[in-house]
Colleague: 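The following block contains the structure, expressed as structure tokens.
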Amino acid sequence: MILINLVHNLISEAIVQAKTDGFIPRDYNVTFTVERPQNKDHGDFATNLPLRLAGILKMNPVAIGERILPLVTGSPQIQKMWIQPPGFINFSLSENWVQSQVDQVVTLGDSFGNTDFGNNEKLQVEFVSVNPTGPVHVGHTRGAVLGDTLSRILAAAGYDVTKEYYVNDTGNQMETFYQSLYIRYKQRFGHNVNMPENGYMGDYMIDIAGEISEEEHKILSLEESEGIRKIGKIGLSMMLNRIESDLQRLGINFDVWFREYILHDNGHVTDILNRLIESKNISVEEGATWLKSSSLGEDKDNVLIRSNGSPTYFAADIAYHYDKFANRQFSKVIDIWGADHQGHVSRMKTALGALGLNEDRLIIILSQLVTLKQDDQLLKVSKRSGDLITLPDLLDYVGADACRYFFLSRSPDSQMEFDLDLARKESSENPVYYIQYAHARISSIIRLAEQSRIDIEDGDVELLTNPAEIALIKKILTLPELIESIAINLEPHHLAHYSQELATAFHWFYRQCRVISTDVGDENITKARAKLVKASGIALKRCLQLMGMTAPETM
RNA sequence: GCGCUUGUAGCUCAGUUGGAUAGAGCGCAGCCCUGCGAAGGCUGAGGCCGUGGGUUCAAGUCCCGCCAAGCGCGCCA
């Protein structure tokens, strides 16, 4: 069991007892929190229960603590419990138990940190979903890293996770993409034709046009509309291949690439429309079909079917999300969207509600926009103008590991400025190297231990009594708790910070404690410490894996 | 105008959902390798937590106003 939950349970049991004893009114709903104090003098865990009870009991919090404390039963993990003003009950872990966990971590190996918290619940994370009209750029990359890392962590927390990319291969923007590509293609063969008004101007369009063989496809011999259709189909699949391989460079693979056109071809969009008509949430005005979202609490109504008869993106998106829940049976769906889609959030949820689904099952995380800075100038990111920094550009600059760590370590709802010069210049001072260095150092020690024929498995963990050793073990042991809390709060940026703290705890231990010693009489402590190093390596490697980063054994 | 998000050290950012003396990295000033990786460790300086009220035993955290920045408010996606 997760430690913090254990403490929580001990207190809950004490509350039940206190109610039985008549100390706390039976019908009073007691709320309290258990936290890890930042000050070491306050133990490993603390609860504010006495402070919370002070109001209703009209007693001094410390006095309340003195009544509650005897009701808290002991456990092998807890060594000491005490009351401290202004009214906290503090808990400290048993040193023996802490030491014993080193064996436990080594036994668990790569599965250390996993919990069964998610109970194998079927869960979907949909992210990136960049329109295939252009490459993935820096702004998308933030959401990509967030979604992928979150998926990895949720899987570690015991969920059955499906990673999905929604391909918007239909609609006006695609038509523009097809036309733009057709024009570029004709230009390539010397035709004097101009790009459409809002065409996609990026150089990648010229690249793609250049890769399409006229011998094979004979596009120029077709009538214009036919040529556009044909080259569009080819261009779309080339674009998707690029997106897929760019994301793979970042360590991201999807389980499902869901194509929007299927929703139209299979009649899902029409189905949804009928369901909404049945539920009387539809109106027809000015030739268009509207979702009457304003009567469901939204600011305004939204068009589902345009007056020209074609469904909007919104209509398809409703069908898509309905399919996730009703047909594919995900218990929860996490969508990661760019902040520019923020206006879409509440109407999407409202639509699901209108279809009789519990809108809380859809969780939408918005990642704020990324602005780029180079030479102290802000760069504008516009796909159509072609003025953009793409994911492969970024990977060439800073590498996948730094890229992932950089994006992951910031909370998604604060907008960030990506200084390209700094990211590049800092590469040797980036936190990512600090963490990876710790892993390389650990690997180096393990190598030396093996060469010296030290039997790590034989180490006696009870010899690990140095404060640096205990602190390191305790830090390692918070990983399962962290994974569980990320699964609840969906805030993976904490993992980035934890990794750094873990590396710091290790580096400090390394300075304080000689691990491999050839001195006579040091054999036992050497074996014990080598085992701790191994456990540290397991925890650190797990962090790096969850963050999608490499765990180098040398650097 | 309305809505969403943000404002914490010189810079980039955390802050365990209301707790005890507000933290980390970079940068800055020092100190530490004749033994396992110095891409490391240690010490120090640096804060009106945007601002003004409020809520209570307790506010960076919750509520209201104001200021500033970003985004959104299409029969685009």
Side-chain angles (χ1 to χ4, degrees), chain A residues 4 33-39 41-42 46-48 51-52 54-55 60-61 84-88 90 129-131 133 168 170-174 176 198 260 286-290 299-300 302-308 310-314 316-317 338-346 366 368-369 371 406 409-417 419 422 426 428-431 433-438 440-449 452 478 481-482 485 489 491 493-494 496-497 500-501 503-504 506-519 526 529-530 533 554-555:
Chain A
I4 201 160
T33 58
V34 178
E35 60 174 18
R36 291 178 171 274
Q38 36 194 353
N39 187 333
D41 296 341
H42 300 148
T47 180
N48 59 359
L51 287 161
R52 290 292 175 87
N60 180 310
Q84 203 160 324
F88 292 95
N90 296 333
S129 301
V130 176
N131 286 359
T133 53
N168 294 120
T170 320
N172 291 339
Q173 294 193 359
M174 284 318 294
T176 306
N198 286 318
E260 181 189 346
E286 301 168 36
T289 305
W290 300 71
D299 290 346
K300 55 188 181 64
N302 295 97
V303 172
L304 295 176
I305 308 293
R306 300 183 184 93
S307 46
N308 71 6
S310 67
T312 60
Y313 165 84
F314 185 42
D317 214 16
D340 53 340
H341 287 62
Q342 155 252 115
H344 193 58
V345 172
S346 98
L366 297 176
Q368 291 296 321
L369 301 186
T371 51
F406 194 86
S409 58
R410 284 150 174 79
S411 160
D413 46 25
S414 67
Q415 60 219 44
M416 58 181 284
E417 197 173 82
D419 186 329
L422 190 68
E426 262 195 347
S428 66
E429 295 155 6
N430 198 302
Y433 293 93
Y434 177 85
I435 296 163
Q436 290 182 325
Y437 179 69
R441 194 179 232 183
I442 287 167
S443 304
S444 167
I445 298 171
I446 298 295
R447 277 195 301 272
L448 182 64
S452 314
T478 56
E481 190 177 307
L482 180 73
S485 79
N489 297 325
E491 292 176 348
H493 64 279
H494 294 295
H497 292 94
Q500 184 159 4
E501 288 165 14
T504 299
F506 180 78
H507 287 311
W508 189 54
F509 153 79
Y510 176 84
R511 272 291 141 203
Q512 299 292 312
C513 303
R514 173 80 199 173
V515 180
I516 311 292
S517 166
T518 50
D519 291 358
T526 289
R529 284 178 175 161
V533 171
T554 59
M555 19 188 326

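Residue numbers begin at 1 in each chain, while the letters A, B, ... track the order of the sequences. Please read these numbers as outputs of a predicted model, since none were measured by experiment.
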Colleague: Check the orientation of A:H344 and A:F314. Use parallel for under 30°, tilted for 30 to 60°, and perpendicular for over 60°.
Modeller: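 Perpendicular, since the angle between the ring planes exceeds 60°.
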Colleague: If only side-chain N and O atoms of A:R447 are considered, is one of them under 4.0 Å from the OP1 or OP2 phosphate oxygen of B:rC36?
Modeller: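 So the side-chain polar atoms of A:R447 never come under 4.0 Å of the phosphate oxygens OP1 or OP2 of B:rC36.
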Colleague: Indicate syn or anti for B:rU17, taking the glycosidic torsion and treating anything within 90° of 0 as syn.
Modeller: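 For B:rU17, whose glycosidic angle is within 90° of 0, the conformation is syn.
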Colleague: Report the nucleotide, chosen from B:rG35, B:rG25, B:rG41, that has the shortest atom-to-atom distance to any side-chain atom of A:Q500.
Modeller: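 Nucleotide nearest to A:Q500's side chain: B:rG25.
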Colleague: When you measure from the side chain of A:T47 to the backbone N and O of A:T33, does any donor-acceptor pair fall under 3.5 Å?
Modeller: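 Yes; at least one donor-acceptor contact below 3.5 Å.
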Colleague: Please list, pair by pair, any protein nitrogen or oxygen found under 3.5 Å from a nitrogen or oxygen in nucleotides 69-71 of chain B.
Modeller:
residue	atom	partner	partner atom	Å
B:rG70	O4'	A:Q415	NE2	3.2
B:rC71	O2'	A:A339	O	3.4
B:rC71	O2	A:Q342	NE2	3.1

Colleague: For A:I435 and B:rC26, what is the distance between atoms CD1 and P respectively, to the nearest whole Å?
Modeller: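 Roughly 12 Å, once rounded to whole Å.
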Colleague: Would you sort out whether A:T312 and A:R306 count as a side chain to side chain contact (heavy atoms under 4.5 Å, CB included), showing the intermediate values?
Modeller: CA-CA 7 Å; A:T312 60; A:R306 300 183 184 93; 4.0 Å; yes
Colleague: Whole angstrom is fine here: how far is it from CG in A:D413 over to P in B:rG72?
Modeller: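 That distance rounds to 17 Å.
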Colleague: Do A:E491 and A:S411 come within less than 4.5 Å of each other through their side chains, counting heavy atoms only?
Modeller: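 A:E491 does not reach A:S411 side chain to side chain.
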Colleague: Please state the C1' separation for the pair B:rG52 and B:rC13 - nearest whole angstrom.
Modeller: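 Straight-line distance between the two C1' atoms is 27 Å.
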Colleague: If only side-chain N and O atoms of A:R306 are considered, is one of them under 4.0 Å from the OP1 or OP2 phosphate oxygen of B:rA77?
Modeller: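 Looking at the OP1 and OP2 atoms of B:rA77, one of them is under 4.0 Å from a side-chain N or O of A:R306.
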Colleague: A:K300 has an atom NZ; how far is it from atom P of B:rC73, in whole Å?
Modeller: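 Nearest whole value for this atom pair: 8 Å.
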Colleague: Could you walk me through whether A:Y434 and A:T504 pass the side chain to side chain contact (heavy atoms under 4.5 Å, CB included) test, one step at a time?
Modeller: CA-CA 9 Å; A:Y434 177 85; A:T504 299; 2.7 Å; yes
Colleague: Please name the nucleotide paired to B:rA22 by Watson-Crick or G-U wobble geometry with both distances under 3.5 Å, or report none.
Modeller: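 Paired with B:rA22, as far as the under-3.5 Å criterion goes, is no nucleotide at all.
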Colleague: Could you check whether the side chain of A:S307 and the base of B:rC75 have a donor-acceptor pair of N or O atoms closer than 3.5 Å, going by distance alone?
Modeller: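 Looking at the base of B:rC75, it does pair with a donor or acceptor on the side chain of A:S307 (distance under 3.5 Å).
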Colleague: Report yes if the side chains of A:D519 and A:R514 come closer than 4.5 Å at any heavy-atom pair, otherwise no.
Modeller: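 They are not in contact (no side-chain heavy atoms under 4.5 Å apart), so the answer is no.
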Colleague: Parallel, tilted or perpendicular for A:F509 and A:F506, by the 30°/60° rule?
Modeller: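 It falls in the tilted class, 30° to 60°.
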Colleague: Just the rounded figure in Å: distance from C1' of B:rG35 to CZ of A:R441.
Modeller: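 Between C1' of B:rG35 and CZ of A:R441: 13 Å.
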Colleague: Which comes earlier along RNA chain B counting from the 5' end, the contact point of A:T554 or that of A:P311, where each point is its nearest nucleotide?
Modeller: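 Of the two residues, A:T554 wins.
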Colleague: Under 4.0 Å, counting only non-hydrogen atoms across every strand here, what does A:M174 touch: a base, just sugar-phosphate, or nothing?
Modeller: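 Answer is nothing: A:M174 stays at 4.0 Å or more from every strand.
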Colleague: What's A:S517 touching, base or sugar-phosphate or nothing? Going by heavy atoms closer than 4.0 Å.
Modeller: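 Touches a base.
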Colleague: Return the nucleotide paired to B:rA39: Watson-Crick means purine N1 to pyrimidine N3 with N6-O4 or O6-N4, wobble means G-U with N1-O2 and O6-N3, both under 3.5 Å.
Modeller: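 Paired with no nucleotide.
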Colleague: From CD1 of A:I442 over to C1' of B:rG40, roughly how many Å is that when rounded to an integer?
Modeller: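 So the CD1-C1' distance, A:I442 to B:rG40, works out to 13 Å.
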Colleague: May I have the distance from A:N302 (atom CG) to B:rA77 (atom P), rounded to whole angstrom?
Modeller: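 Answer to the nearest Å: 12 Å.
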Colleague: Got a donor-acceptor contact below 3.5 angstrom from the A:T289 side chain to the A:L304 backbone?
Modeller: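 No, because the side chain of A:T289 does not come within donor-acceptor range (under 3.5 Å) of the backbone of A:L304.
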Colleague: Considering residues at least two apart in sequence or located in another chain, which fulfil the salt bridge (charged side-chain N to carboxylate O under 4.0 Å, His left out) criterion with A:E501?
Modeller: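 Residues passing salt bridge (charged side-chain N to carboxylate O under 4.0 Å, His left out) with A:E501: A:K475.
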Colleague: Watson-Crick or G-U wobble partner for B:rC73, using a 3.5 Å limit on both distances?
Modeller: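 B:rC73 is paired with B:rG1.
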Colleague: Just name whichever nucleotide pairs with B:rG46, Watson-Crick or G-U, keeping both distances under 3.5 Å, else none.
Modeller: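 Looking at the geometry, B:rG46 pairs with no nucleotide.
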Colleague: Test A:N489 against A:H494 for side chain to side chain contact (heavy atoms under 4.5 Å, CB included), laying out the working first.
Modeller: CA-CA 10 Å; A:N489 297 325; A:H494 294 295; 5.8 Å; no
Colleague: Would you kindly give the CZ-to-C1' distance between A:F509 and B:rC36, to the nearest whole Å?
Modeller: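 Rounding to the nearest Å, CZ of A:F509 and C1' of B:rC36 are 10 Å apart.
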Colleague: What nucleotide, of B:rA38, B:rG41, B:rG35, holds the atom closest to the side chain of A:D519?
Modeller: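 For the A:D519 side chain, the nearest candidate turns out to be B:rG35.
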Colleague: Output yes when at least one side-chain N/O atom of A:Y434 is less than 4.0 Å from OP1 or OP2 of B:rG41, else no.
Modeller: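 The answer is yes; a side-chain N or O of A:Y434 sits under 4.0 Å from OP1 or OP2.
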Colleague: Could you tell me whether B:rC33 is syn or anti, where syn means a glycosidic angle within 90 degrees of zero?
Modeller: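 Here B:rC33 takes the syn form, which means its glycosidic angle is within 90° of 0.
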Colleague: Can you figure out which of B:rG25, B:rC75, B:rC76 approaches the side chain of A:N172 most closely?
Modeller: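 Nearest nucleotide to the side chain: B:rC76.
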Colleague: Scan A:Y510 against the nucleic acid and name what it touches under 4.0 Å (heavy atoms): base, sugar-phosphate only, or nothing.
Modeller: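 Base, at least one base atom sits under 4.0 Å.
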Colleague: Between A:H42 and A:N90, is a side chain to side chain contact (heavy atoms under 4.5 Å, CB included) present by the stated rule, with each step listed?
Modeller: CA-CA 6 Å; A:H42 300 148; A:N90 296 333; 4.0 Å; yes
Colleague: Can you check each nucleotide of nucleotides 14-20 of chain B against protein heavy atoms at under 4.0 Å and return B for base, S for sugar-phosphate only, - for none, in 5' to 3' order?
Modeller: SSBBSBB
Colleague: Can you tell me if the side-chain N/O atoms of A:N131 get under 4.0 Å from OP1 or OP2 in B:rA77?
Modeller: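 Answer is no, no contact under 4.0 Å.
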Colleague: May I have the distance from A:I516 (atom CD1) to B:rC36 (atom C1'), rounded to whole angstrom?
Modeller: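 My rounded result for the distance is 6 Å.
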